[in-house]
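Here's the structure, in structure tokens; my notes come after.
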Number of protein chains: 2
Amino acid sequence: MHSLILHIKNYIPVEDEEYESILQFFDTAELKKRDTILIEGQICKANYFIVKGCLRMFFINEKGVEQTTQFAIENWWISDNLSLLTQKPTAFHIQAVEKSEVLSIGNSSYQKLIQLHPSIESYFRMMHQRALGAAQYRMKYQHGMSREEIYRFFANSFPEFIQRIPQYLLASYLGFTPEYLSELRKKKIS
Amino acid sequence: MHSLILHIKNYIPVEDEEYESILQFFDTAELKKRDTILIEGQICKANYFIVKGCLRMFFINEKGVEQTTQFAIENWWISDNLSLLTQKPTAFHIQAVEKSEVLSIGNSSYQKLIQLHPSIESYFRMMHQRALGAAQYRMKYQHGMSREEIYRFFANSFPEFIQRIPQYLLASYLGFTPEYLSELRKKKIS
DNA sequence: CGCGACGTTGATTTGCCTCAACGATTGTGG
DNA sequence: CCACAATCGTTGAGGCAAATCAACGTCGCG
């Protein structure tokens, strides 16, 4: 069964005969490492579901440095939700960190999908609510912990993910410099 | 017309005869300054819509200091979405900053509401999507700006809101100490 | 093989916090 | 309606976490 259908079934009931009728509204894309599906200034055209691989969202600060604000791996959605909802230009880029496979659905396909399968709207409501909840807790960690604590917390929570991505991306995501991350890693061993 | 109905009508069409049938699923509460509707460790029981006033979400860090992670004013929703969705204990408090009036809707009322008015699910999907989008951009600001820049950006974006809340809450929200905020304000004049 | 991307190390600097003390303002009970 | 306490904002001295800058080693890839 397609991983998206499996994922949806975790949240709402889906009949077997609906599978194809749901999947037809999504487009599949294969992405190579560094392929970019959204660039600053564009209007975000779709919501993306990661079937396989890893994507990241980042922006370019005034010094020209890329700063990663979020990662998405298998079974997560990623998009600039404000740009997608309001059809205004985005301030973000979305790029594949590794070879990836994604499904995408734009607003017009989305409208057709929920017309045919109204209960899918509940699924998306819960996806956004869950992501919002995660963002609220992430805010708490960023607010309440020192950079060293953030690193240790993250490293303990997602050890496998640390392996998967280059250190400079992790540093950029956690909000500090690669040099400082290097220093923290050294401390941890001793 | 009730401000909630007006707000919903910005996002989806609502028939005049539906108003009462929708509002019946919400409870009204009057809050005095510092009244608290959610305490750390509880299960979050509802999503709250601000009719009048201002609420804040905060947590208490390991030093015993309150740190504010978000404010909500008229026509915004506030809740611990993760706790509400998963029915697990929250790590947050939600409290009135000033005398306020709120509507609340718990999960069981919510289910009954969308059974009777399915299109309301779209409204909530968009509310969560919008809030998620706002959280994504807030992450960008916190990530890419120094504390001084964050203050100036916020002060320019929401001048009226600055007037409305005490400075120590603003400092706690922006992520720094009241002392440092005081220093920044002094600099701005000269 | 040679270049560019990535990680590490150390010296120096700085943004912001901590702590302590002091006005100003608010509110509360006598 | 005043006195006193508590809350809130400000100021300054000192300290530390983390950034900056520069240099070097290593690895993978064209």
Side-chain angles (χ1 to χ4, degrees), chain A residues 32-36 54 56 58-68 71 93 95-99 141-155 161-190, chain B residues 32-36 54 56 58-68 71 95-99 141-155 159 161-190:
Chain A
K32 294 191 302 292
K33 186 174 177 176
R34 273 181 247 273
D35 276 357
T36 301
C54 178
R56 72 181 178 117
F58 67 95
F59 66 96
I60 297 178
N61 70 17
E62 67 284 349
K63 293 178 191 152
V65 178
E66 295 181 1
Q67 295 200 257
T68 302
F71 289 105
H93 301 247
Q95 188 184 64
V97 172
E98 53 189 54
K99 187 169 174 297
Y141 300 131
Q142 300 259 31
H143 236 212
M145 293 171 153
S146 71
R147 301 225 151 98
E148 176 163 359
E149 288 168 330
I150 288 175
Y151 168 66
R152 300 204 185 291
F153 175 78
F154 192 85
F161 189 68
I162 302 272
Q163 314 283 1
R164 190 164 174 178
I165 57 163
Q167 281 189 38
Y168 71 95
L169 284 186
L170 178 60
S172 149
Y173 172 72
L174 295 179
F176 42 77
T177 58
E179 291 95 328
Y180 187 59
L181 177 55
S182 192
E183 192 177 318
L184 290 179
R185 285 170 53 91
K186 187 173 52 165
K187 263 168 75 178
K188 190 168 191 182
I189 299 168
S190 55
Chain B
K32 294 192 301 291
K33 187 175 176 174
R34 274 181 247 272
D35 276 357
T36 301
C54 177
R56 72 182 177 116
F58 66 95
F59 66 96
I60 298 178
N61 70 18
E62 68 284 350
K63 293 177 191 153
V65 177
E66 295 181 359
Q67 295 199 257
T68 302
F71 289 105
Q95 188 184 64
V97 172
E98 54 189 55
K99 186 168 175 298
Y141 301 130
Q142 301 258 33
H143 236 214
M145 293 169 151
S146 71
R147 297 215 154 94
E148 176 163 357
E149 289 168 328
I150 289 175
Y151 167 67
R152 302 208 183 287
F153 175 78
F154 193 85
F161 189 69
I162 302 273
Q163 314 283 5
R164 190 166 174 176
I165 57 163
Q167 281 190 36
Y168 70 97
L169 284 186
L170 178 60
S172 149
Y173 171 73
L174 295 179
F176 43 77
T177 58
E179 291 94 329
Y180 188 59
L181 176 56
S182 194
E183 191 178 324
L184 290 180
R185 285 169 53 89
K186 188 174 50 166
K187 261 167 78 178
K188 189 169 193 180
I189 300 170
S190 54

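Note that these values count all heavy atoms, side chains included, but never hydrogens, waters or copies made by symmetry. Sequence lines set the chain letters: A, B, ... in the order given, protein chains first and strands last, and positions in each chain run from 1.
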In whole angstrom, what separates [X]'s [atom1] from [N]'s [atom2]?
X: Glu66(A); N: dA5(C); atom1: CD; atom2: P; value: 12 Å
X: Tyr168(A); N: dA5(C); atom1: OH; atom2: C1'; value: 8 Å
X: Gln167(A); N: dA5(C); atom1: CD; atom2: C1'; value: 13 Å
X: Arg185(A); N: dC6(C); atom1: CZ; atom2: C1'; value: 12 Å

Can you measure from OG (Ser182(A)) to OH (Tyr168(A)) and round to the nearest 0.5 angstrom?
15.5 Å
Nearest 0.5 Å please: distance from the CZ atom of Phe154(B) over to the OH atom of Tyr141(B).
12.0 Å
Below 3.5 Å is the cut-off: list the nitrogen or oxygen pairs between protein and nucleotides 13-17 of chain C, distance only.
residue, atom, partner, partner atom, Å
dC16(C), OP1, Arg147(B), N, 2.9
dC16(C), OP2, Tyr180(B), OH, 2.5
dC16(C), O3', Arg147(B), NH1, 3.4
dC17(C), OP2, Thr177(B), OG1, 3.2

For nucleotides 27-30 of chain D, tabulate all protein N/O to nucleotide N/O atom pairs closer than 3.5 Å, reporting atom names and distance.
none

State which residues pass side chain to side chain contact (heavy atoms under 4.5 Å, CB included) with Arg56(A); sequence neighbours excluded, sorted by chain then number.
Phe58(A), Glu66(A), Thr68(A), Phe71(A), Gln95(A), Val97(A), Leu169(A)
Do His143(A) side-chain atoms and Tyr173(B) backbone N/O form a donor-acceptor pair below 3.5 Å?
yes
Tell me whether Arg34(B) contacts the main-chain N or O of Ala96(B) through its side chain, where contact means a donor paired with an acceptor under 3.5 Å.
no
Residues Ile162(A) and Ala155(A): closest non-hydrogen pair is CD1-CA, 3.9 Å
Residue Lys186(B), side-chain heavy atoms: nucleotide from dG10(C), dT11(D), dG9(D) that is nearest
dT11(D)
So if I take every side-chain heavy atom of Glu179(B) and compare against dG12(D), dT20(D), dG9(D), which nucleotide ends up nearest?
dG12(D)
Please verify the inter-ring angle class for Tyr151(A) with Phe176(A); under 30° counts as parallel, over 60° as perpendicular, anything in between as tilted.
perpendicular
Does the side chain of Cys54(A) come within less than 4.5 Å of Arg164(A)'s, by heavy atoms?
yes
